[in-house]
Amino acid sequence: MAFGRLKEILLSDLNIDAESTDKLMENLYAEFPMLSHLKLRIAVNQKIISGNTKLESNDIVALMPPYSGG
Amino acid sequence: MAFGRLKEILLSDLNIDAESTDKLMENLYAEFPMLSHLKLRIAVNQKIISGNTKLESNDIVALMPPYSGG
Amino acid sequence: MNKVKKIFQNSAISPRSIAESIARHASKTDIGAHQIFLGQIRSDVIENKKVKAIEYTAYEDLALNKMTEIREDIFAKYQLTCMHIYHSLGVVHAGEICLFVFTSSKHRNDATLACSEVVERIKNELPIWGREIFEDDTHQWKTNVF
Amino acid sequence: MNKVKKIFQNSAISPRSIAESIARHASKTDIGAHQIFLGQIRSDVIENKKVKAIEYTAYEDLALNKMTEIREDIFAKYQLTCMHIYHSLGVVHAGEICLFVFTSSKHRNDATLACSEVVERIKNELPIWGREIFEDDTHQWKTNVF
């Protein structure tokens with residue numbers, strides 16, 4: 001799942017096979033070089049993660065650019 | 001002029017001859033001993049004073065117990 | 001000498017008048033943040049007697065002059081778009097609102113800090129007195145706790 | 001796990017709904033102070049283009065869970081009678097209100113400090129994004145300044 005300006009870059013939610021969040025990001029950066037300019041927060045199944053995290057199939061990964069609510 | 005609980009003690013605004021605020025308070029304390037329990041602020045012609053202040057005739061002295069607005 | 005704005009009204013402050021005050025700011029599109037403080041009458045129980053209302057009186061002339069001074073200080077200190085203050089006089093019942101402080105600014109910090117400071121100064125510096133009226137119609141003079 | 005309260009609404013926050021929210025507290029006579037923060041859409045001018053609206057989107061599930069956590073922290077830290085939070089999603093026009101934070105307490109300090117802290121945490125921690133829409137219908141992504 002992608003939010004904010006990421007939605008415009010990725011265009012839609014993607015199904016990607018990756019064994020970990022680091023691997024996932026590596027693939028995404030290769031495909032969408034613009035991503036590397038953004039400071040992203042990553043959530044796996046609605047929990048924000050800080051380090052590399054193992055992924056199972058059907059895990060939902062959310063990529064979130066800086067918040068700007070309020 | 002008296003405000004707040006002072007109004008209940010003095011009952012009404014008074015006309016008193018006194019050459020200064022200290023003299024005025026001396027007279028009032030003698031007549032209304034209850035006053036001495038109150039921490040009063042004194043204003044002369046709408047200006048709060050901190051020390052003894054000379055009074056002219058027609059000066060308006062306000063005796064104000066602690067504020068409790070809001 | 002600056003214009004003295006009135007702040008007193010002889011009744012409780014209605015939620016509707018607060019809404020109207022907020023709505024009037026929709027045209028000021030340089031405002032990004034509003035901070036509002038409302039004082040509401042509590043039905044405190046003191047020695048088994050319940051407060052049903054507070055009756056406010058003030059030394060109005062002195063209060064308005066003092067408020068003008070506070071207003072000038074606050075506008076000098078904070079970047080405010082506007083500030084509105086209303087305080088009730090007369091009887092205000094438990095659950096009703098007796099004080100409405102409303103500050104607005106471009107960025108939230110100014111409105112927030114100004115609002116707190118104004119509330120503090122109103123309680124400390126305006127010659128206003130509250131008489132707490134109990135359900136049995138006896139009363140006592142309110143004292144502000146700081 | 002605590003009850004998750006909803007905070008999002010698909011429209012601007014109307015002054016009338018704020019008044020209704022205030023009025024509902026008249027029966028809570030242990031409240032002495034309300035603090036309200038309102039976020040209003042500014043029509044900033046950026047490179048000669050004027051913002052006419054902000055379109056908000058959120059990762060709603062995560063935001064609501066996060067808000068529940070914030071709520072628990074705040075109630076543990078401050079003596080609050082109640083707290084209400086509303087944030088708009090979708091398009092909110094310049095001059096309209098997009099955020100309403102409402103805290104109430106017996107003495108004013110708790111409501112005041114809690115309100116500021118909640119606003120700060122909402123801006124920092126809730127996954128919400130604002131897209132600034134200019135008068136010529138181009139847009140840019142809003143960034144919060146801290």
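Below, chain A is the first sequence line, B the second, and so on; all start at residue 1.
For the pair R41(B) and F3(B), the cation does not sit on the ring face, since its NZ or CZ is not both under 6.0 Å from the ring centre and inside 45° of the axis.
For chain B, no part of Q140(C) is nearby; none of its heavy atoms comes within less than 4.5 Å. In this structure, chain B has heavy atoms under 4.5 Å from both the backbone and the side chain of Y59(C). Both the backbone and the side chain of I128(C) come within contact range of chain B, judged by heavy atoms closer than 4.5 Å.
Judged by distance alone, the side chains of E117(C) and Y78(C) do bring a donor and an acceptor atom under 3.5 Å apart.
Taking C98(C), A58(C), P127(C) one by one and counting their heavy-atom pairs under 4.5 Å with chain B, the maximum is reached by P127(C).
Ring-plane geometry between H139(C) and W141(C) is classed as perpendicular, the angle between the planes exceeding 60 degrees on a 0 to 90 degree scale with a lower cut at 30.
With respect to the salt-bridge test (charged N to carboxylate O, under 4.0 angstrom), the residues D13(B) and K7(B) do not qualify.
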